[in-house]
Amino acid sequence: LNPIIKDDNITNILKPYLSTIINKKILIWGAWERGKAYQKALNKLNIDISGFIDSNPRADSFGFPEKQVSLPNILKTEHYFVVVSLEEHGSVFEFLDNLGYKEHIDYIYPSKKIYIKNLMHGYSDTLGNTIQGNIKNASVVLSGSSKLIIGKNTDISDNVKISCGWNSAIVIKDNTIIEKNICIVSYDNSYIEIGKNTKLSYNTYIKAFTNSHINIGNNCKFGFNLSIRLEHNSTILIGNNCLFSYDIKVRANHGHSIIDKNKKMVLKDDRKTIIGNHVWCGMGVSILPGTEIGNNCIIGAESLVNKKFADYVTIAGSPAKVIKENTDWLIDDQISYDFYEKVIQNVN
Ligand SMILES: CC(C)(COP(=O)(O)OP(=O)(O)OC[C@H]1O[C@@H](n2cnc3c(N)ncnc32)[C@H](O)[C@@H]1OP(=O)(O)O)[C@@H](O)C(=O)NCCC(=O)NCCS
């Protein structure tokens, strides 16, 4: 489901600068996926680079064996042409400016962010960004090759921020309600989908880092203070017809490395969290990486969930354990068992 980095798009972005770049010693600023994509695109245009620069001294351990990764200070010792692959960072402009580097002569910085508010009839630009739908109240940031699709009759309140990273997609389907103070952020090459008739309540924060994927199903209701957060290369899937109370946190991985000194290894963490269809999650629940919840489950208030569970169970506690089997739930309060059977018959 994830979109993939489109080299063609980067090639098109770089083409206008070709006559400036040619025959220069080139460094790409940013030893990361997008930097690699810039390198590939330059190679396609028959231009080789001298290496990468990155202000993170550990960047060369991120898998750039074929080219040297240097700190930005290398620009103080020798003059290069710099292709900045980063998102907009004032400090990078400042650093280059202090060295006397001039945009379009000594460096290019094509990954400009596009800021949009109050859009009525779709949008597309030369950086490969597109928006389908209407974004009346939200403020949207697009980072290049990104796609935002907003379905019909979607109700977006004030102070909603949607930010699409490079080559990422955010899809908000029809009849969805997005209340105020909500932030939905996708980083490079990630994908966020929010299903039809789903409601996100105020103070919700959904963040998908690079190469990650969040899929929220149809007809779900989420209470306020929801936080769904994915680090790189991870997945969160939430099924249809789920009911989440308030103050809930969902993660797909730990976000930091855990080291086993006895085994002399870095522990591999889970990078996937799956929640089935028709799951009711009580208030204050935390769902940790590797969790799998079956269909029609109940998660007790304030539970900390980190294991795999079958369908039709009630789980609770820290860590959550099965407290009851063969249970189900209905959104209506105070119903009779007959009513429940009728509803189930209709569903089946
Ligand atoms: C999980 C829940 C639905 C279970 O209700 P229930 O089926 O009536 O369960 P019981 O009260 O019979 O409890 C069964 C056992 O689980 C324990 N238990 C129940 N809920 C628990 C919880 N959230 N955390 C830890 N233990 C819990 C009970 O103490 C009891 O333990 P015991 O057998 O040692 O006495 C309920 O306790 C709950 O947490 N509701 C969520 C309420 C909520 O968040 N509403 C928000 C509206 S969206």
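Just follow the structure's listing: the first ligand is 1, and inside any ligand the first atom is 1.
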(request) Decide whether Asn197 and Asn218 meet the rule of one side-chain donor and one side-chain acceptor closer than 3.5 Å. (result) no
(request) Using a strict 4.0 Å threshold on nitrogen-to-oxygen distance, state whether Lys272 and Asp270 make a salt bridge. (result) no
(request) Sequence neighbours left out, what passes ring-ring contact (aromatic ring centres under 6.0 Å, His included) with His121? Give chain and number order. (result) none
(request) Answer yes when Arg271 and Glu231 have at least one side-chain N-carboxylate O distance shorter than 4.0 Å, and no when they do not. (result) no
(message) Checking the side chain of Ser186 only, and the main-chain atoms of Ser168 only, is there a donor and an acceptor separated by less than 3.5 Å?
(response) no
(message) For Ile236 versus Arg229, what's the shortest heavy-atom pair and its separation?
(response) CD1-O, 4.0 Å
(request) Show the protein residues that qualify under the rule heavy atom under 4.0 Å from an atom of ligand 1, listing them in chain and number order. (result) Ser245, Trp280, Gly282, Met283, Ile298, Gly300, Ala301, Thr314, Ala316, Gly317, Ile323, Lys324
